[in-house]
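Read through the structure below, which is laid out as structure tokens, and then see the notes.
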Number of protein chains: 2
Amino acid sequence: MVAKLKDVAELAGISVTTVSRVINNYGSLSEKTIKKVHAAMRELNYQPNALARAMQGKPSKFIGLIFPNLINPFFAELVNELERQLFTKGYKTIIASSAENPEIEHDYLSMLMANQVDGIISGSHNLDIKEYHQVTAPIVSFDRYLADNIPIVSADSYQGGQLATQYLIEHQVRRIAVMVDEDQSVSPTVNRLQGVVDYLGQHHRSFDPLDVHHVDLATVFPGIYDGVIASNDVQALRIVNIYHRAGLRLNQDYFLTGYNGSTLIRQTNPELPTVIQPIAELSTKLIATLMTRIKRPQDTVPSVVVPVHFYTPQN
Amino acid sequence: MVAKLKDVAELAGISVTTVSRVINNYGSLSEKTIKKVHAAMRELNYQPNALARAMQGKPSKFIGLIFPNLINPFFAELVNELERQLFTKGYKTIIASSAENPEIEHDYLSMLMANQVDGIISGSHNLDIKEYHQVTAPIVSFDRYLADNIPIVSADSYQGGQLATQYLIEHQVRRIAVMVDEDQSVSPTVNRLQGVVDYLGQHHRSFDPLDVHHVDLATVFPGIYDGVIASNDVQALRIVNIYHRAGLRLNQDYFLTGYNGSTLIRQTNPELPTVIQPIAELSTKLIATLMTRIKRPQDTVPSVVVPVHFYTPQN
DNA sequence: ACATCGCGGTCTTCAGAGTAA
DNA sequence: ATTACTCTGAAGACCGCGATG
């Protein structure tokens, strides 16, 4: 049997009230009793039952994280960083990866509510927006509009689109393909595309939009393109492999940009130019925004846009 | 205020007992009451408080996952798969990434206990073994010895070492470097090394062991080596980049093997030969082992070793 | 249908003992 | 002896639900 408050009290030879006072640090207490209690706690290896505590309406110190998956290294690193930063603030994380399945995501949202999380950070990309209206816990969204009262923290994708385009133009490519995801109409991906469009417009250039969902990479590439703006790093590297098999060398015979900028990909594929979304800063802002939401639930908190930067392979 | 059981009962005009019966589906109930209750639940957007339920001694339906990090794509994919499979079994996951920090790991272990998880899957690589003796919840370990009564599920690293070596020998390399991690003396990594040693011995070949922690990759490679056994895929690709800068081509001028075999790396770097630890199967075994531990906590459950296979780049 | 208890804590109330001014 | 203050304790309500009678 796990030790309970009562057991600690009995071992220390004092009342449960006093033990509770020691644990929660209130009221007036003598040094001696405090020490006795701590000794008893150690001896019994006592852990206050977090469930019982949370039932008093105390914060559960749980934050729910909803992300489509952990396989995308960018999400994995973001989640990892969020988890790390939250832990130092005394929060535990429940990670829900919805696997891009709205039903699962709905279940998870219910679960998070049922488990009384103190807040939710959602990086989901596929939930019906209405679901989020009913949620009472404070929410912050990563990179996507969910509802009017839910603040968004995102990387500056308009700037990202511009930087990627600028890179291609500077390397004087002739024919540009841009991978676009038409489904993501509510997400800032549109901004990215707008950044591309505007930059190209300023330089009187055109491009071919290729819909991610209706195009077979292996058949369109290399094709006529010597410039490609991919929608993420993994996709970018798939395309690189296709060019490679055709005997074409990245950064020489053709130019291509990724998007996301995970540390992992930079380590494994340092030759890939890409737009870097700053993971540490995004995490900090997401958490800071969530914390103010938790402290003052009625206030409206402004959305935050974090600048990105472009990684150019050295040499 | 969030809806409670009582609110549902009042709205439906019946007692809490009956509502509870409907929710937990026992006792005899009329169709009419059931419908009334469901209607009331929907209207109030009611979610049973999982914390309160868990307090009755009922299973919390939480499984704790302890892994060093989520950045390693192999861990990320394993966790992702575990999370997915557990969810279909009605379990939620609390992910604790210890960041290779024993203190954090200790805190997390306490936290998991305090939150009454029904079981723990630990892929940790750095905790003092004694900590795990005090844990009362059922535990299964991934790929590492923790304590006598804790079953281990692992990939066959001896076989992995052999397969990697076989690949190099078949490609007639002359001088072989093997990356070793001396710290991991308790882990099956030793088995992997043994597999390498045995295979080479049978072919009357020798190798140079290079300690991961005391060697600067950029200075020893390419050096004299045309064959390298790396200890994981990310490290392997770092080495590939070093050879690349020296103008040497993988699978032609030199041969190298990775270890882990995440789907991600195979997608982004399909040219990397590597030992594949089957993630889906490992997950299944881990969960199955944990479930029998949960059902019959007093039984000793045997450890499981899952075969690996070798991925050779096509072309 | 109702009432009541129990899970493991928190917190409040009321009271009492000891010490000091 | 009076007041005041510090430390501790006993008892009970309560959180939301499940189980019993």
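In what follows, chains are A, B, ... by sequence order, proteins preceding strands, each numbered from 1. Bear in mind that the values here come from a model prediction, so they are computed numbers and not experimental data.
Put simply, CG on B/Asn24 is 11 Å from P on D/dC17, counting in whole angstrom units. Taking atom CG on A/Asn25 and atom C1' on D/dC7, their separation rounds to 15 Å, with Å as the unit. Here the P atom of nucleotide C/dT13 and the OH atom of A/Tyr26 are 11 Å apart, to the nearest Å. D/dG16 atom C1' lies 12 Å from atom CG of A/Leu51, rounded to whole Å. Rounded to an integer number of Å, the gap from B/Lys32 NZ to C/dA1 P is 10 Å. The distance from atom CD of B/Gln56 to atom P of D/dA19 is 7 Å, rounded to the nearest whole Å. When rounded to the nearest whole Å, the span between NZ of A/Lys6 and P of C/dG9 equals 11 Å. Between A/Met55 atom CE and D/dA13 atom P the separation is 16 Å, expressed in whole Å.
Phosphate proximity of C/dG9 to A/Tyr46: present, with a side-chain N or O under 4.0 Å from OP1 or OP2. OP1 or OP2 of C/dT10 has at least one side-chain nitrogen or oxygen of A/Arg53 nearer than 4.0 Å. Between A/Lys58 and D/dC15 there is no side-chain N or O to OP1 or OP2 distance below 4.0 Å.
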Next item on the list: Evaluate side-chain hydrogen bond (donor to acceptor under 3.5 Å, both in side chains) for B/Arg53 paired with B/Asn24, printing each intermediate quantity in order.
Entry: CA-CA 11 Å; B/Arg53 297 182 116 152; B/Asn24 297 289; 2.9 Å; yes

Next item on the list: Apply side-chain hydrogen bond (donor to acceptor under 3.5 Å, both in side chains) to the pair B/Ser97 and B/Asn69, showing each step before the final yes or no.
Entry: CA-CA 5 Å; B/Ser97 51; B/Asn69 64 68; over 6 Å; no

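Side chain A/Arg21 to base D/dG9: a donor-acceptor pair is found below 3.5 Å.
The two residues B/Ile139 and B/Arg293 make their nearest non-hydrogen contact at O-NE, 4.0 Å.
DNA chain C is contacted by both B/Gly57 and B/Val16; B/Val16 maps to the nucleotide lying nearer its 5′ end (nearest heavy atom per residue). Each of B/Ser20 and A/Val19 was matched to the nucleotide of DNA chain D holding its nearest heavy atom; the match closer to the 5' end belongs to A/Val19.
When distances run from any side-chain atom of A/Leu5 to the nucleotides C/dG9, D/dC7, D/dC17, the shortest one goes to C/dG9.
Counting heavy atoms from C-beta outward, B/Thr33 and B/Arg21 have side chains that stay 4.5 Å or more apart.
Side-chain N or O atoms of A/Arg42 include none that pairs as donor or acceptor with a backbone N or O of A/Val37 at under 3.5 Å.
Residue contacts shown for A/Thr17 include a base, since a base heavy atom lies under 4.0 Å away. Residue contacts for B/Ile14: at a heavy-atom cut-off of 4.0 Å it reaches the sugar-phosphate backbone alone, with no base atom in range.
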